[in-house]
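Worksheet: the structure to be examined is printed underneath.
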Number of protein chains: 2
Amino acid sequence: MNHDTILHSLIADNLVSDPESARGRLLREAARLFRDKGYERTTVRDLAAAVGIQSGSLFHHFRTKEEILKAVMVETIRLNTAVMQAAMDAADTNREKLRALISAELESINGQTGEAMAVLVFEWRSLSEPSQAEVLKLRDIYESLWLEVLTALKEEGALVADPFVVRRMLTGALSWTVTWYRPERGGLSQEGLTDQVMAMLGLSKADSR
Amino acid sequence: MNHDTILHSLIADNLVSDPESARGRLLREAARLFRDKGYERTTVRDLAAAVGIQSGSLFHHFRTKEEILKAVMVETIRLNTAVMQAAMDAADTNREKLRALISAELESINGQTGEAMAVLVFEWRSLSEPSQAEVLKLRDIYESLWLEVLTALKEEGALVADPFVVRRMLTGALSWTVTWYRPERGGLSQEGLTDQVMAMLGLSKADSR
DNA sequence: TTACAAACCAAGCGCTTGCTTGGTATGGTC
DNA sequence: GACCATACCAAGCAAGCGCTTGGTTTGTAA
């Protein structure tokens with residue numbers, strides 16, 4: 001199950017929009033703008049211009065501006081949960097499963113579609129409370145993947161700290177990479193960065209204690 | 001050198017505003033509002049109402065709304081650099097110095113004046129580019145404290161990963177605690193949380209490798 | 001008592017915002 | 001060829017925004 005296969009299966013189930021469709025293109029541009037300028041600083045006129053229509057025409061596709069933000073978040077979390085699940089299933093040991101999760105999360109936030117993931121993390125407050133509750137449910141599924149693996153590692157004795165705390169720390173640390181990590185400028189590769197995170201946790205391959 | 005001594009010395013040097021003064025009170029309320037609602041969602045009318053004056057009167061104290069954000073950030077980073085420096089100086093070993101830094105940063109973001117620190121982290125994008133450059137200079141001093149200790153630990157062999165990467169990861173992890181860590185609801189104390197972070201890095205007292 | 005600056009109010013200006021409205025192409029279906 | 005839903009445009013409305021203005025109160029010091 002590679003990334004594209006997962007994407008198309010979700011599109012078929014109507015769980016995420018086809019990036020080729022009008023809706024999909026708008027959501028992608030919206031994610032980019034929301035990440036670059038923030039939700040509040042992005043106007044409906046900005047959004048419309050990005051896809052080449054009039055600002056009023058946006059409201060044929062979405063009832064409100066906030067609905068666009070919500071759609072970006074919901075579709076992003078759906079896609080990423082599926083991708084993470086697949087990455088985890090493909091790994092054998094718990095240590096490898098964790099590595100797969102870290103690598104996948106780094107990819108999802110720093111990769112090509114990373115705009116949407118950054119929006120999910122940093123624009124949370126701009127979502128109305130009812131919408132937050134909705135997205136929160138989806139996020140719980142996503143988080144349970146992590147806790148499962150971290151708890152297993154703790155039981156193995158490979159992890160000293162509390163799984164719940166470690167996951168929260170990793171959430172912050174990994175999402176923060178979007179503010180400083182620039183792989184295209186040379187230096188550390190994404191795999192290299194994953195290694196660094198594993199090393200930081202004392203979970204490198206060579207490192208058995 | 002305790003926290004209050006440092007604060008008063010900075011006030012005397014006119015580097016931060018007295019929290020009792022009109023300006024100081026405004027900045028504190030601004031920090032709280034900016035953290036809770038975000039800079040863009042906070043109106044000058046909100047700010048004025050929080051200190052009990054008319055919205056127009058704000059502009060007697062600050063030329064623009066953005067100047068208020070900048071002042072919050074500049075004063076916060078000045079205070080915290082001084083506090084961190086003192087915490088570090090009071091520690092003996094490098095391991096203890098790092099622990100002091102982590103503990104101090106957790107305190108600065110989750111403690112009583114944590115609003116301002118959260119603003120510094122999460123409202124960065126709302127600052128104009130010239131102001132960003134100004135604050136960035138101050139932040140570099142702050143960051144050099146961390147890198148100094150982390151590099152020393154690496155040379156000691158106590159740290160495996162790259163100091164620069166570790167600092168970035170810690171920045172994300174520690175600042176993210178503001179979104180989930182609620183010490184007042186019982187559970188983990190701030191010292192306990194510091195222990196967890198040290199354990200995660202494989203730098204607990206008992207843990208010598 | 002006078003003088004004066006700092007702190008504030010009451011009113012509102014000019015502009016941008018999210019969103020609405022009435023109407024017009026476009027493409028597929030019977 | 002009539003019908004109709006989908007996708008869009010052109011224009012603009014009501015509300016809220018940051019900020020300005022002219023004038024008043026308050027505190028301080030000679």
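Values below: every heavy atom of this structure, side chains too, minus hydrogens, waters and symmetry copies. Chain A is the first sequence line, chain B the second, and so forth, proteins listed ahead of strands; every chain is numbered from 1.
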*Can A/S17 and A/E75 be counted as having a side-chain donor-acceptor contact under 3.5 angstrom?*
yes
_Between D/dA10 (P) and A/F59 (CZ): distance, integer Å_ = 17 Å
*Okay, side chain of A/D89, backbone of A/A86: is any donor-acceptor separation there less than 3.5 Å?*
no
_On DNA chain D, does the nearest nucleotide to B/T43 precede the nearest nucleotide to A/S55 from the 5' side, or the other way round? Give the residue._
A/S55
*asked:* Here's a test of your reading of the structure: between A/D46 and B/Q54, which maps to the more 5' nucleotide of DNA chain C?
replied: B/Q54
*Among the candidates C/dG18, D/dA7, C/dC9, find the nucleotide nearest to the side-chain atoms of A/R45.*
C/dG18
*Of the candidate nucleotides D/dG18, C/dT20, D/dA7, which contains the atom at the shortest distance from the side chain of A/H61?*
D/dA7
*side-chain N/O B/S57 vs C/dC9 OP1/OP2, d < 4.0 Å*: yes
*For the residue pair B/E105 and B/Y142, confirm or rule out a side-chain donor-acceptor distance under 3.5 Å.*
yes
*asked:* Starting the side chain at C-beta, find the nucleotide from C/dG18, D/dA7, D/dG18 nearest to A/H60.
replied: D/dA7
*Calculate the interatomic distance between B/L58 atom CG and D/dG18 atom C1'; express it in whole Å.*
11 Å
*Whole angstrom is fine here: how far is it from CD in B/E67 over to C1' in D/dC19?*
13 Å
*Please state how far atom CD in A/E40 lies from atom C1' in C/dG18, giving the value in whole angstrom units.*
12 Å
*asked:* Measure CG/A/L69 against P/C/dG18 and give the value in whole Å, please.
replied: 13 Å
*Answer yes if the side chains of B/S131 and B/E66 hold a donor-acceptor pair under 3.5 Å, and no otherwise.*
yes
*For the residue pair A/F122 and B/F122, does the interplanar ring angle fall in the parallel (under 30°), tilted (30 to 60°) or perpendicular (over 60°) class?*
tilted
*Nearest whole angstrom, please: distance from the P of D/dC17 to the CZ of A/R41.*
15 Å
*asked:* The side chain of A/V44 is closest to which nucleotide in this list: D/dC19, C/dG18, C/dA10?
replied: C/dG18
*Separation of C/dC19 P from A/I53 CD1 (nearest whole Å)*: 14 Å
*Round to the nearest Å and state the distance from B/K65 atom NZ to D/dT20 atom P.*
14 Å
